[in-house]
Amino acid sequence: MRVYQLARKLKISTKRLLEVLSEWGIEKKTSLSGLSPREVEEIEQLLKEEAPKPSEQKFPPRDPIVTFLGHVDHGKTTLLDAIRNTQVAKEEIGGITQRIGASEIYFQGKRIVFIDTPGHEAFTAMRAQGARVTDIAVLVIAADDGVMPQTEEAISHARAANVPILVAINKIDKEDANPERVKRQLTRYDLTPEEWGGDTICVEVSALKRKGIDELLEMILLQAEIMELSADPDGELRAVVVESEIDRKKGPLSTLIVKQGTLRVGDVIVGGEVYGRVRALINWKGENLKEAGPSTPVQVLGLSNVSQPGQIFTRAKNERTARRMAEEAREKSRKQSLRRREKVTLESIFSSTEKETKTLNLILKAESQGSLKAVADVLSDMGDENVKVEIVSQGVGEVKKSDILLASTSKAIILGFNVDVPQEIQALATQEQVEIREYQIIYDIIDDIKLALKGMLEPVYTEEIVSRLEVRDTFKISHVGLVAGCYVMEGKVIRGAKVKVMRDEQLIGEGTITSLRRFDRDVSEVSMGLECGVKIDGIEDIRKGDLIEVYQQRRIR
Ligand code: GDP
């Protein structure tokens, strides 16, 4: 028997088993080595005799929450459906299920919670609010396609969140499936399969033919067991929003997963600016629950509004307190949006007097695999004893929303090497206070990083006008201030963009678009030929006939 197989049998990690073996002086260096039946018996006996570790786990165990990540079309949705349908069929609930953003299944008498494929963006957005929802990430890789750009991205996101990765090699029914090639590729990302001596659990599956599903579920349970997840059902309530929508009849609906404590009908809860008395709790099978304990996803009725994924809800004493807390949160977020959040930039990162930041986190985007590798190789050698250069994520292609979110949560700077940065991404970066630096020449990157590491870099900007608006009217709105009714003459205007206000070709002032509305709806962008209401922070004097120039700032050398 192989070491990793024994580890599975004993329900401990391969790493732990190898540790035990070396403690006993048994020379089995890798999990590949074979063990004779006598040795297996001996080890089992020794493990039994090993004094049980004093359990640090004060609370009852909690069921695992799992998210599927991976490249588009590699089969995340099909796999999740296969798991659910098999279970739904087994439980004979007629296949009628609610789409609430998460589901639970029972396998071998144990419960596993799945988050509907949220994509990497949502995965990181949930984390950005400080709520780690996922316990285990299942990385789905199609056996005919292998590791692709979004697979790499998924690995970076899971790693940044410190979530263990389990690999499902899918589509093994296909003629050109090559699971061995996938495993070879995985070794490059430090995800060496167990059977090859590493400690990544890999399961070969076919979502379409429903093959390997049971083994995948078994491995998820095994991983969960190793993690010893626990939560206090009687502790303070902490529930995290997975998704949220407005239903025409029922009003705001939010799916929450309870991480700690127990959520009950009648509870008054508050999360950020949203609060309410829980009128009903509905699970993914459409059943009404009276209460939901740890690791239970439920749709909650009775809240005042929708919330962002990742928002944490807690219990409040009564509705009055909840309302007050929500109002305070609203006031705080308003003030925060006025005050500029501190931004991490290459110039500032090591020039600050307290030399606390010792790691320069980077996200690299390049036009091709070849140049990406070249840049990454150079950069990873650049740190010294004082500062570490860490590449949090790297990928081929333009800078995307998920890059910004990852940069924002991991306080990283994005370096673009001959890649595009779309306008809306630039605006998001401004909003999230993320720095994107663009380069055409590799030596420029090296020079900048060298200077930055010494804290000696000066910023250089260029400005590019991306859209022009004509002010057709202005309004004073109480609590909001001056709003300009504008017509977009050219380009596209985006909330969060920087603007200059011109009157008779004279600069009146500069500011940032903090609110953008079409009719009475908040929107994130408005295109050419349309009218919109604009609130600009930083300028109080706007008049009919003024010209607003929306510009994009790019840092260059
Ligand atoms: P997602 O984008 O990762 O959610 O991928 P989907 O689940 O939408 O699957 C993409 C395509 O691959 C669909 O046409 C599926 O039918 C197909 N597919 C998924 N799993 C398998 C599988 O195990 N075998 C085969 N042959 N096709 C699959």
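Remember, it's 1-based here, ligands and their atoms both numbered in the order they're listed. Numbers here simply count residues along the sequence, with the first being 1. Just so it is clear, the structure is predicted and the values come from calculations on it, not from any experiment.
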**Asked** What atoms in ligand 1 come closer than 4.0 Å to a heavy atom of Lys76?
**Response** 1 (P), 2 (O), 3 (O), 4 (O), 5 (O), 7 (O)

**Message:** Using a 4.0 Å cutoff against the non-hydrogen atoms of His71, which atoms of ligand 1 qualify?
**Reply:** 3 (O)

**Asked** Which bit of Asp173 gets closer than 4.0 Å to ligand 1, counting heavy atoms only: side chain, backbone, both or neither?
**Response** side chain

**Request:** Have a look at ligand 1 and work out which part of Asn170, if any, has a heavy atom under 4.0 Å from it: side chain, backbone, both or neither.
**Result:** side chain

**Request:** Would you tell me whether Ser103 and Arg84 have side-chain atoms, one donor and one acceptor, within less than 3.5 Å of each other?
**Result:** yes

**Request:** Look at the side chain of Ser408 and the backbone N and O of Ile404, then say whether any donor-acceptor pair between them is shorter than 3.5 Å.
**Result:** no

**Item:** By side-chain contact (heavy atoms from CB on, under 4.5 Å) - contacts of Asp267 (at least two apart)
**Value:** Leu263, Arg264, Ile269, Val278, Arg315

**Atoms in ligand 1 flagged as close to Asp73, the criterion being non-hydrogen separation under 4.0 Å** = 1 (P), 2 (O), 3 (O), 5 (O), 10 (C), 12 (O)

**Request:** Would you check, one step at a time, whether the test salt bridge (Lys or Arg N to Asp or Glu O under 4.0 Å) holds for Glu398 with Lys400?
**Result:** CA-CA 6 Å; Glu398 62 178 30; Lys400 287 183 298 184; over 6 Å; no

**Request:** State which residues pass ring-ring contact (aromatic ring centres under 6.0 Å, His included) with Phe114; sequence neighbours excluded, sorted by chain then number.
**Result:** Phe68

**Within 6.0 Å of NZ in Lys401, more than 12 heavy atoms from elsewhere** = no

**Prompt:** N/O to N/O below 3.5 Å, does that happen between Val72 and ligand 1?
**Reply:** no

**Item:** Any N/O pair Gly75/ligand 1 closer than 3.5 Å
**Value:** yes

**Fill in**
Per-atom filter on ligand 1: closer than 4.0 angstrom to a heavy atom of Lys174 are 26 (N)

**Request:** May I ask you to check whether Val205 has an N/O atom sitting below 3.5 Å from an N/O atom of ligand 1?
**Result:** no

**Message:** Checking Asp145 against His74: is there a side-chain donor and acceptor pair closer than 3.5 Å?
**Reply:** yes

**Prompt:** Taking only heavy atoms of His74, which atoms of ligand 1 are found under 4.0 Å from at least one of them?
**Reply:** 3 (O), 5 (O)

